[in-house]
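Here is the structure we will look at, set down as structure tokens.
Note: hydrogens, waters and symmetry copies are ignored here, and every other heavy atom, side chains too, is used. Chain letters run A, B, ... following the sequence lines, proteins first and then strands; every chain starts at 1.
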Protein chains: 2
Amino acid sequence: MVAERNETKILLAIVENDPLYKQALESIFSLSPEFELTGLWGDTETAVREISRRYPHIVLMDIQLPVIEGIACIRKLKKVNPAIQFLVFTDYDQDDELVFDAFKAGATGYLLKKDGPELLIKSIKELHAGGSPMSRSIARKLINFFGRYPAIDGKEHLLTKREEEVLALLSEGKMYKEVAAWLGITMETTKKHIKHIYSKLEVQNRMEAVNKWRS
Amino acid sequence: MVAERNETKILLAIVENDPLYKQALESIFSLSPEFELTGLWGDTETAVREISRRYPHIVLMDIQLPVIEGIACIRKLKKVNPAIQFLVFTDYDQDDELVFDAFKAGATGYLLKKDGPELLIKSIKELHAGGSPMSRSIARKLINFFGRYPAIDGKEHLLTKREEEVLALLSEGKMYKEVAAWLGITMETTKKHIKHIYSKLEVQNRMEAVNKWRS
DNA sequence: GTTTTTATACCCCTTTTGGGGTATATAGGG
DNA sequence: CCCTATATACCCCAAAAGGGGTATAAAAAC
């Protein structure tokens, strides 16, 4: 049901600082019938400026020093165009925090340059299909990360009674002011409850909250 | 902690076309210590214009010919301020559709003028307490209503294929621009599809659409 | 061979939503 | 007794959603 995405090309944009890689990537993707190269930029500033006019499905994002710049670029672009998938393409895999920050910023894939072009192409397809391709060492880091923290959950008393009431009314499609009227509180208080709900469930809107709560 | 709103009087507004009733109602409610008459209007236009400045708890709504006007007035006011409770106060109880339309528009009480002032006062209190007061004949109509239709629904080809795709993405909590990106169309076109979906399903928002479609 | 439906794109506008604060009062746990 | 969680209320602000148009082209229906 998720449409005929398979019939169309994968729209790819590339941010690559290294001129050699830049040329190599261009020759790979500009000629392939499965991809359409909608952008090829050498720096993040140009990328930020151009990307909204190119609307790629995937952005292959080279991250070099300064690392912060690439991460910030992903975060910025992800905020504007949440639909775009970012595949980090870098040499750096030693610094755990860098890797985590990339994912926090919105990257959904993390590939090392040494992995080679075949895996790169495979990863882009995988990413476009909804997957999260990453190099083995990166995957290991992610797994280990969850060992660092006690893996909280519980979930039973995640939401308070009042918050559950609010969420139940939200799930019926009621507007904030209707929820407020129903509970006999002001709309601002209703908003406050909703903000807490979203924060606790780590979601950004009503639909996601309801889905998460129902699941 | 429960909102310092209704410890005191019931704030009542009245829309009554008939001058005689208007006077009678005023004398009843303007003197009663339990009620405070925040508005007394002879026509719906004035009511619509004034009501947001008077913030009543309850609106006693006279419905006369043309019936459509009174119904529309309730719908309009309920949309603006869902917290207000509407008590229909009319002579008409023969036309079933009229009664149902009043409830659909947002009325939560339906009283006939012939029921008399004691029941009127009792009904307003009942409404304010969260109840749904109505004349016996009206209650009967409501009950019978559910026997009228086999409670089925065609539902087969109500939405087009594309519209179903859009709705599926909406049900995941995706923003318009994400849906657009996913389907490879513009956000404006996405909005157009969504408008059609809401119109066909007779709903006003994403949550209601998803609920209706899933049911 | 018109007419209708579907899908697309873009315009206008208002309302709703979501996220960031601050502040008060109260109930409970350390 | 302090401190946190809960529930309430209010502020500001930007983004998203929703509702009203118009218009074009292709496909389906009549």
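Nearest to the side-chain atoms of E188(A) among the listed nucleotides dT17(C), dG18(D), dC11(D) stands dC11(D). Taking only side-chain atoms of I185(A), from C-beta outward, the nucleotide of dG18(C), dA9(D), dA17(D) with the closest atom is dA9(D).
In this structure, CZ in F35(B) is found 5.5 Å from NZ in K125(B), a value given to the nearest 0.5 Å.
Not one side-chain nitrogen or oxygen of R162(A) sits closer than 4.0 Å to the OP1 or OP2 atom of dA5(D). Side-chain nitrogen and oxygen atoms of T189(B) include at least one within less than 4.0 Å of the OP1 or OP2 phosphate oxygen of dA9(C). At dG19(C), none of the side-chain N or O atoms of Y198(A) fall inside 4.0 Å of OP1 or OP2 (strictly under the cut-off). Look at Y176(A) and you'll find a side-chain N or O under 4.0 angstrom from OP1 or OP2 of dG18(C). Distances shown here put every side-chain N or O of T160(B) at or beyond 4.0 Å from the OP1 or OP2 atom of dT6(C).
At whole-Å resolution of the value, NZ in K191(B) and C1' in dG21(D) are 12 Å apart. For the pair K200(A) NZ and dG19(C) P, the interatomic distance rounds to 16 Å; values are reported in whole Å. Rounded to an integer number of Å, the gap from I197(A) CD1 to dT17(C) P is 13 Å. For the pair R206(A) CZ and dG19(C) P, the computed distance is 13 Å after rounding to whole Å. As a whole-Å value, the separation of L183(A) CG from dA7(D) P is 11 Å. Between the CD1 atom of I194(B) and the C1' atom of dA17(D) there is a distance of 8 Å, given to the nearest Å. When the C1' atom of dG18(D) is taken as reference, atom CD of E208(B) falls 12 Å away, rounded to whole Å. Rounded to whole Å, atom P of dG19(D) lies 6 Å from atom CD of Q204(B).
K177(A) comes within 4.0 angstrom of the backbone, heavy atoms only, and of no base. Using a 4.0 Å heavy-atom criterion, one finds that T186(B) contacts the sugar-phosphate atoms exclusively. H196(A) comes within contact range of no nucleotide atom at all, as no heavy-atom separation falls under 4.0 Å.
Nearest-nucleotide assignment on DNA chain D puts the 5′-proximal partner with K195(A), out of K174(B) and K195(A). Map M187(A) and M187(B) each onto its nearest nucleotide of DNA chain C; the residue landing nearer the 5' end is M187(B).
Using a distance-only test at 3.5 Å, with no hydrogens or angles considered, no donor-acceptor pair links the side chain of H193(B) to the main chain of E163(B).
A salt bridge links K191(B) with E188(B); the closest basic N to acidic carboxylate O contact falls under 4.0 Å.
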Is there a side-chain contact (heavy atoms from CB on, under 4.5 Å) between Y21(B) and D62(B) once you walk through the steps?
-> CA-CA 10 Å; Y21(B) 265 99; D62(B) 171 41; over 6 Å; no
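Under a cut-off of 6.0 angstrom, the local environment of NZ in K122(B) is sparse, with at most 12 non-hydrogen atoms contributed by other residues, nucleotides or ligands.
Judged by distance alone with a 3.5 Å cut-off, a donor-acceptor contact links the side chain of K192(A) to the base of dG21(C).
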